[in-house]
Asks: 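Let me give you the structure first, and then I'll get to my questions.
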Amino acid sequence: MLQIYNTASRRKEQFRPIDRQHVRMYVCGPTVYDFAHIGNARPVVVFDVVYRLLERLYPDVTYVRNITDVDDKINARAKETGEDIRTLTERTARQFHADVAALGALEPDVEPRATDHIQEMIAIIVELLDKGYAYHEDGHVLFHVPSMPKYGALSGHSRDELIAGARVEVAPYKRDPADFVLWKPSETSLPGWNSPWGRGRPGWHIECSAMSMKYLGQSFDIHGGGRDLIFPHHENELAQSRCAHPGSQYAKYWMHNGYLMAEGEKMSKSLGNFYTINELLQEFPGEAIRLALLQTHYRQPLDFTKESLRQAKHTLDRFYAALRGVADIAPGDAKADDVMAALLDDINTPLALSALHAALGDLNKAGTDAEKARLKAILLDGGEVMGLLQQDPEAWLRWQPTGGAGLSDGEIESLIARRAAARKAKDFGEADRVRAVLSENGVILEDKPQGTIWRRG
RNA sequence: GGCCCGGUGGCAGAGUGGUUAUGCAGAGGACUGCAAAUCCUUUUAUGUCGGUUCGAUUCCGGCCCGGGCCUCCA
């Protein structure tokens, strides 16, 4: 039985889907104006594991992750660089897809774009106006927060607190300082759509309300995203959706991943610790990045460092070396029960990884082929649900960084042949010289009874 | 100012009201021509001060430290 921590109740709960035959999950995706950074990668990887787990537990799962392609940051970036907005968003979305694919993330079932759902957003805004939860003022349509008594339940902020702490001057068209924008006017130079309130563009939160309803219905099971989205984004989404659709609960379970820091500091461009996925992929395999993200429980803060990546790479080297050793043994049909048990407890990936380590140790000690087949199956099964260990071991162990000036596979093989000849002639001085050359080029040798094997370290 | 989250051994990082998680690194050993890999053994911890309890790292409170949010910024 799956248990997940629900932000709405601030406790771990039994996961009981609305429809046991069909689980529905919505996760906030990227705003496409720049390379995705490692902080964006965390929810992608975390909810990919959730998706993989749900797929094992339920007959049908629909996973929706949106792309925000209308946003003031996008407009600002396009103005700054002179690039056409559509070109910018398309290019960035493609880059995002390539990056997260390298991290082993499965594609969501639906990946809707905000600009394709403007009519759906307008429809919700009309509902809110009709029902008296919103008002039209000075070209803007605003959600009237005091009209919803339960506003603030998700984030734990009361409206009064918000007003007390307000540090921004309240716009004149607001009836209440807590009110937020559903629709705003657009100048001709900015993207805009015709609406009952003139040419304009949507507020930040309305897209997720519109798209989740279209693809998942008025109520669905899981809504995920980074902790930083709880307020105001998710709080406002929740308010809009519930008020537009009385009787619906919107998301039943809210899951939020913790913050990510880089090298001990909050990530920021001025500190120079702003790793993009793309640049990290030049230096490390995507699976190492994925493992580094999964080594910490998703709700904990995570300090992402190059050192943690080196360790993750090293860890995977050990797993793949063991898998290479049993490459010619077909996996049995054993299942990774301990891995599953850990994941069922609020996606405890660090504990799941320790179960994988236990299987690795057992595999290294295994004496019989039957035992090896069983343990290989466990590693592959447990790895699969976490999106790990599915590559060809040989390919993994030969991986080298982009633009690496190291030796080619052929050069390595011929040096190994030279060393083998020297060893056969008992010329260990020459053999060690050859190995030193390989070692300087990051190639590690292992002499086995059947011959010498190698990997890039 | 208000609210929220976190503080575990050299590092990373879980569980747990009483019995060494796990990984990396370190030390010793086996194996090896030497290595590498692997295996075995092994050292180091629960921010701080109180409280509850027979007993707290684990529950409660104060404090300290780190991070975040407090609206059209994202």
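Residue numbers begin at 1 in each chain, while the letters A, B, ... track the order of the sequences. The figures that follow rest on heavy atoms only: side chains count, while hydrogens, waters and symmetry mates do not.
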Asks: Measuring only the C1' atom in each nucleotide, how far is B/C64 from B/C54? A whole number of Å is fine.
Replies: 31 Å

Asks: Taking the minimum atom-to-atom distance to the side chain of A/His314, which one of B/A14, B/C24, B/U71 wins?
Replies: B/C24

Asks: Write down the distance between CG (A/Leu316) and P (B/U22), rounded to a whole number of angstrom.
Replies: 20 Å

Asks: Taking any strand in view, what nucleotide pairs with B/G1 in a Watson-Crick or G-U wobble way, both distances under 3.5 Å?
Replies: B/C70

Asks: How would you label the contact of A/Arg299 with the nucleic acid (heavy atoms, under 4.0 Å): base, sugar-phosphate, or nothing?
Replies: nothing

Asks: What distance, rounded to whole Å, do you find between the two C1' atoms, one in B/C59 and one in B/C72?
Replies: 43 Å

Asks: If you look at every strand shown and take non-hydrogen atoms under 4.0 Å, does A/Asp72 touch a base, only sugar-phosphate, or nothing?
Replies: sugar-phosphate

Asks: Which of parallel (below 30°), tilted (30 to 60°) and perpendicular (above 60°) describes A/Phe231 and A/Tyr151?
Replies: perpendicular

Asks: Applying a 4.0 Å non-hydrogen cut-off, can you work out what A/Arg419 is touching in the nucleic acid: base, sugar-phosphate, or nothing?
Replies: base

Asks: Does the plane of the ring in A/His256 sit parallel, tilted or perpendicular to the ring in A/Trp254? Use 30° and 60° as the thresholds.
Replies: parallel

Asks: Given the C1' atoms of B/C31 and B/U38, what is the spacing between them in whole Å?
Replies: 9 Å

Asks: Could you measure between the two P atoms, the one in B/U44 and the one in B/G1, and give it in whole Å?
Replies: 43 Å

Asks: Would you please confirm or rule out a distance under 4.0 Å between OP1 or OP2 of B/A37 and any side-chain N or O of A/Arg324?
Replies: no

Asks: Determine the minimum heavy-atom distance between A/Ile67 and A/Ala93, stating which atoms define it.
Replies: CD1-CB, 4.1 Å

Asks: Counting the atoms with a prime plus P, OP1 and OP2 as sugar-phosphate, which does A/Gln311 contact under 4.0 Å by heavy atoms, base, sugar-phosphate, or nothing?
Replies: base

Asks: Is there a side-chain contact between A/Trp454 and A/Asp409, using heavy atoms and a 4.5 Å cut-off?
Replies: yes

Asks: Using atom CD of A/Glu235 as one end and atom C1' of B/C4 as the other, report the distance to the nearest whole Å.
Replies: 13 Å

Asks: Provide, to the nearest angstrom, the distance between the NZ atom belonging to A/Lys426 and the C1' atom belonging to B/U32.
Replies: 12 Å

Asks: May I ask you to verify if any side-chain N or O of A/Thr296 is less than 4.0 angstrom from the OP1 or OP2 atom of B/G13?
Replies: yes

Asks: With the side chain of A/Arg435 defined as its heavy atoms from C-beta on, choose the nearest nucleotide among B/G33, B/G13, B/C34.
Replies: B/C34

Asks: If the plane angle is over 60° it's perpendicular, under 30° parallel, otherwise tilted; pick one for A/His205 and A/His233.
Replies: tilted

Asks: Let's see if you can work this out: which of B/G23, B/A37, B/G67 has an atom nearest to the side-chain heavy atoms of A/Tyr259?
Replies: B/G67

Asks: What integer distance in Å separates A/Leu182:CG from B/C72:C1'?
Replies: 11 Å

Asks: By nearest nucleotide on RNA chain B, pick out whichever of A/Leu302 and A/Leu445 is the more 5' one.
Replies: A/Leu302

Asks: Mind checking if A/Asn364 touches a base, just sugar-phosphate, or nothing, with heavy atoms under 4.0 Å?
Replies: sugar-phosphate

Asks: Considering every strand and a 4.0 Å limit on heavy-atom distances, what is the contact class for A/Gly361: base, sugar-phosphate, or nothing?
Replies: sugar-phosphate

Asks: Does CZ belonging to A/Arg418 count more than 12 external heavy atoms closer than 6.0 Å?
Replies: no

Asks: Under a 3.5 Å limit for both distances, which nucleotide forms a Watson-Crick or G-U wobble pair with B/C39, could you say?
Replies: B/G29

Asks: My understanding is that a pair needs two contacts under 3.5 Å, Watson-Crick or G-U wobble. By that rule, which nucleotide pairs with B/G61?
Replies: B/C49

Asks: Ignoring hydrogens and angles, does a donor from either the side chain of A/Asp447 or the base of B/C34 sit under 3.5 Å from an acceptor on the other?
Replies: yes

Asks: Quick one: is A/Asn348 getting a side-chain N or O under 4.0 Å of the B/A14 phosphate, OP1 or OP2?
Replies: no

Asks: For a quick test of reading the model, state the closest non-hydrogen atom pair linking A/Lys131 to A/Ala244 and the distance between them.
Replies: NZ-O, 3.2 Å

Asks: Between A/Phe180 (CZ) and B/C70 (C1'), how many Å, whole number?
Replies: 16 Å

Asks: Measuring only between side-chain heavy atoms, which start at C-beta, is A/Asp71 closer than 4.5 Å to A/Glu207?
Replies: no

Asks: Paired with B/C54 by Watson-Crick or G-U wobble geometry, both distances under 3.5 Å: which nucleotide is it?
Replies: B/G18

Asks: Counting just side-chain N and O atoms, does A/Lys365 come under 4.0 Å of either OP1 or OP2 of B/C40?
Replies: yes

Asks: A/His297 near the nucleic acid: base, sugar-phosphate alone, or nothing, with a heavy-atom cut-off under 4.0 Å?
Replies: sugar-phosphate

Asks: Roughly how many Å apart are B/U16 and B/A45, using the C1' atom of each and rounding to a whole number?
Replies: 15 Å

Asks: How are the rings of A/Phe143 and A/Tyr133 set relative to one another: parallel (under 30°), tilted (30 to 60°) or perpendicular (over 60°)?
Replies: parallel

Asks: Rounded to the nearest angstrom, tell me the gap between atom CG in A/Leu397 and atom C1' in B/A37.
Replies: 11 Å

Asks: What interatomic distance, in whole Å, is found between C1' of B/G23 and the corresponding atom of B/A30?
Replies: 22 Å

Asks: Quickly work out the A/Arg423 CZ to B/A36 P distance and round it to whole Å.
Replies: 14 Å

Asks: Tell me: CG of A/Asn257 to P of B/C69, nearest whole Å?
Replies: 14 Å

Asks: Starting from the 5' end of RNA chain B, give me the residue, A/Ile444 or A/Pro232, whose nearest nucleotide shows up first.
Replies: A/Ile444

Asks: How would you label the contact of A/Gln300 with the nucleic acid (heavy atoms, under 4.0 Å): base, sugar-phosphate, or nothing?
Replies: sugar-phosphate

Asks: How would you label the contact of A/Lys184 with the nucleic acid (heavy atoms, under 4.0 Å): base, sugar-phosphate, or nothing?
Replies: sugar-phosphate

Asks: N/O contacts under 3.5 Å, protein versus nucleotides 41-46 of chain B?
Replies:
none

Asks: Expressed as a whole number of Å, how far does the C1' atom of B/U57 sit from that of B/G6?
Replies: 15 Å

Asks: Taking atom P in both B/U42 and B/G61, what distance in whole Å separates the two?
Replies: 40 Å

Asks: Among A/Val44, A/Val46, A/Asn40, exactly one meets side chain to side chain contact (heavy atoms under 4.5 Å, CB included) together with A/Arg42. Which residue is that?
Replies: A/Val46

Asks: Nearest to the side chain of A/Ser354, which nucleotide is it out of B/A74, B/A21, B/C34?
Replies: B/A21

Asks: So does A/Tyr173 reach the base of B/C72 with its side chain, donor to acceptor, closer than 3.5 Å?
Replies: yes

Asks: In terms of the angle between their ring planes, are A/His144 and A/Tyr135 parallel, tilted or perpendicular, with boundaries placed at 30° and 60°?
Replies: perpendicular

Asks: Kindly point out which of B/C34, B/A74, B/C72 is positioned nearest to the side chain of A/Asp432?
Replies: B/C34

Asks: Would you say A/Arg318 places a side-chain N or O within less than 4.0 Å of OP1 or OP2 belonging to B/C24?
Replies: yes

